[in-house]
2 protein chains.
Amino acid sequence: MAMRKVVERQTGVALWRQIADRIRLAISNGDYDAAGMVPPETALAAEFGVNRHTVRSALAALADEGLVRAVQGRGTMIERKERVSYPISKRTRFSQGLGRQVKEIGTRLLGHAEMAATGEVAKALRIALGDPVIELRTVSSGDGRPLSVSASYYPANRFPRMAEDFAQLHSVTKAFAAHGLDDYVRVSTEIVARHADAEELSMLKLSPGAIVLEAQSVNADLDAKPVEYSRSRFAADRMKLRIET
Amino acid sequence: MAMRKVVERQTGVALWRQIADRIRLAISNGDYDAAGMVPPETALAAEFGVNRHTVRSALAALADEGLVRAVQGRGTMIERKERVSYPISKRTRFSQGLGRQVKEIGTRLLGHAEMAATGEVAKALRIALGDPVIELRTVSSGDGRPLSVSASYYPANRFPRMAEDFAQLHSVTKAFAAHGLDDYVRVSTEIVARHADAEELSMLKLSPGAIVLEAQSVNADLDAKPVEYSRSRFAADRMKLRIET
DNA sequence: CTCAAATGTCTATTGATCTAGACAACTATA
DNA sequence: TATAGTTGTCTAGATCAATAGACATTTGAG
């Protein structure tokens, strides 16, 4: 018998959303693998101690995400299960890491700009405040579903053609190579979690109210000189981060 | 003039909670450092395009967390700013990493049990399903504020006195040493983010509706034999994870 | 002291969320 | 072909979330 699961009221997060989050987690944990379907609505309602209608709202949200599909008379089937695991290691390369997990990987350049380095960027890249940097804004998708949005910053003096090269080569690693940098390593990564803002909701096509994992990372050349600072925001319900040390 | 910030309606996350999250983030980003206080309620209401009462609900939640303090006639002052940074590296040791950031570190043992290894635990520790493991449940705090709750699992055959040793020594590293294991390294860490469940809310004293960062990690001895599997859940609004490679 | 600016409190109203119950429609199985 | 089990739909009422407006109270500056 499933243990009674508790949800909290008057928290500013609607019950249906809390329950949707829990069911999503249970699916990705494989709790329902035996049957391949979610428990009946009445069972879930009893489990969470709420009305069946509340469970239906939660399931409707998950159906919207394409995670489950309800069939009248039969039940609610699981359509998709796994979170994509994004590896973070000394040599983190976006497309390589996702390799086997998704068939199609796409990174789309949303825009680029040359600008003066602000405090955070200058500090991360260890350049002077106001030094020119190139900013790239990208969205990455796996099998057509957006997985992350990023803003990346490069010192413009050292990598003047970053935007053009990236637009053409579709790869940061190759764009670095075109500037004569053949290898680089991840120096540090900081991870925080928070609710997605409106821009992230629309870019990541998230069901609103969702959570993002934000990773701020610095890559450096082999002389430990920073070459890239980036802020990547991952859709937390589609991704997990895997740290390999 | 501050840019108009957008919040989404009918998402299952109340506006006041979305706004509280955004203000919390702005505080930890240092956006309000110049004045040392949050903008006036009317300014925030205009910025987010909501009623002043809605902003007041958000600020009340932040005051509850001890993050801000409102003074009639003056404004709402920032009481606390930084997130604690939790380092994850090859040799991750809980108390060392937090060293300078908090004055008092405490880890309290909530309970322990000897049990048969379930699927996930057995897989992580690379032992047979049903082999005995020792489970430790702990809460860790910094300066009196709970930062994380953990469930950790150790192969009982190799570390039979883990619970007693930990209770006495207040340190996993020392408990390992008491069993003759002097060094161990972090093999892998997986990080996901989600809304806190009721148990986490109460253990971490979170303002309900909050987000947790869950890190599932495996530590191994120098022969790469796993010695610990643990699931740590961090209060996402108080912590960031720092990965050092 | 006076006044502007800020937070504190109250009432009233609207819309979203949750509960409750009843019944229809569909599916698989005995 | 019944029947149990499941999802789909409808109505009604209770509670929470958000808006709107008015006014009190406190603080700091001129």
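A, B, ... follow the sequence lines: proteins, then strands. Residue 1 opens every chain. Keep in mind that the numbers below use all heavy atoms, side chains included, and drop hydrogens, waters and symmetry copies.
- The base of D/dG21 is not paired with the side chain of B/R52 by any donor and acceptor separated by under 3.5 Å.
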(request) For salt bridge (Lys or Arg N to Asp or Glu O under 4.0 Å), just list the numbers for A/E190 and B/R242, CA-CA rounded to whole Å, side-chain angles, deciding distance to a tenth of an Å, and then say yes or no. (result) CA-CA 4 Å; A/E190 288 194 348; B/R242 182 180 177 82; 2.8 Å; yes
(request) Test B/R194 against B/E200 for salt bridge (Lys or Arg N to Asp or Glu O under 4.0 Å), laying out the working first. (result) CA-CA 11 Å; B/R194 57 179 168 75; B/E200 290 154 357; 2.9 Å; yes
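- Straight-line distance from the CD atom of B/Q18 to the P atom of D/dA17: 13 Å, rounded to whole Å.
- Taking only distance into account, the side chain of B/H53 meets the base of D/dA20 through a donor-acceptor pair shorter than 3.5 Å.
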(request) Could you run through nucleotides 1-6 of chain D and give me one letter per nucleotide, 5' to 3': B if any protein heavy atom sits under 4.0 Å from the base, S if only the sugar-phosphate is that close, - if neither? (result) ----BB
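- In this entry the distance linking CG of A/L44 with P of C/dT19 reads 14 Å, nearest Å.
- Screening B/V55, B/T54, B/L59 against B/W16 for a side-chain contact (heavy atoms from CB on, under 4.5 Å) leaves a single residue, B/T54.
- When each of A/S232, A/S140, A/S230, A/S217 is checked for a side chain to side chain donor-acceptor pair (under 3.5 Å) with A/S150, only A/S232 meets the rule.
- Minimum atom distance to the side chain of B/R56 is reached by C/dG8, of the listed D/dT7, D/dT19, C/dG8.
- As a whole-Å value, the separation of B/M77 CE from D/dT27 C1' is 10 Å.
- Side-chain contact between B/I23 and B/Y32: present, with at least one pair of heavy atoms (C-beta onward) separated by less than 4.5 Å.
- The nearest whole Å value for the distance from the CD1 atom in A/I19 to the P atom in C/dT17 is 14 Å.
- Residue A/T54 has no polar side-chain atom (N or O) positioned under 4.0 Å from OP1 or OP2 of C/dT17.
- Rounded to whole angstrom, the span from the CG atom of A/N51 across to the P atom of D/dC10 amounts to 17 Å.
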Please tabulate, one pair per line, all N/O donor-acceptor pairs under 3.5 Å involving side-chain atoms of residues 122-135 of chain A, not counting sequence neighbours.
unit_1 : atom_1 : unit_2 : atom_2 : d
A/D131 : OD2    : A/A128 : N      : 3.3
A/E135 : OE2    : A/R137 : NH2    : 3.3
A/E135 : OE2    : A/Y153 : OH     : 2.7

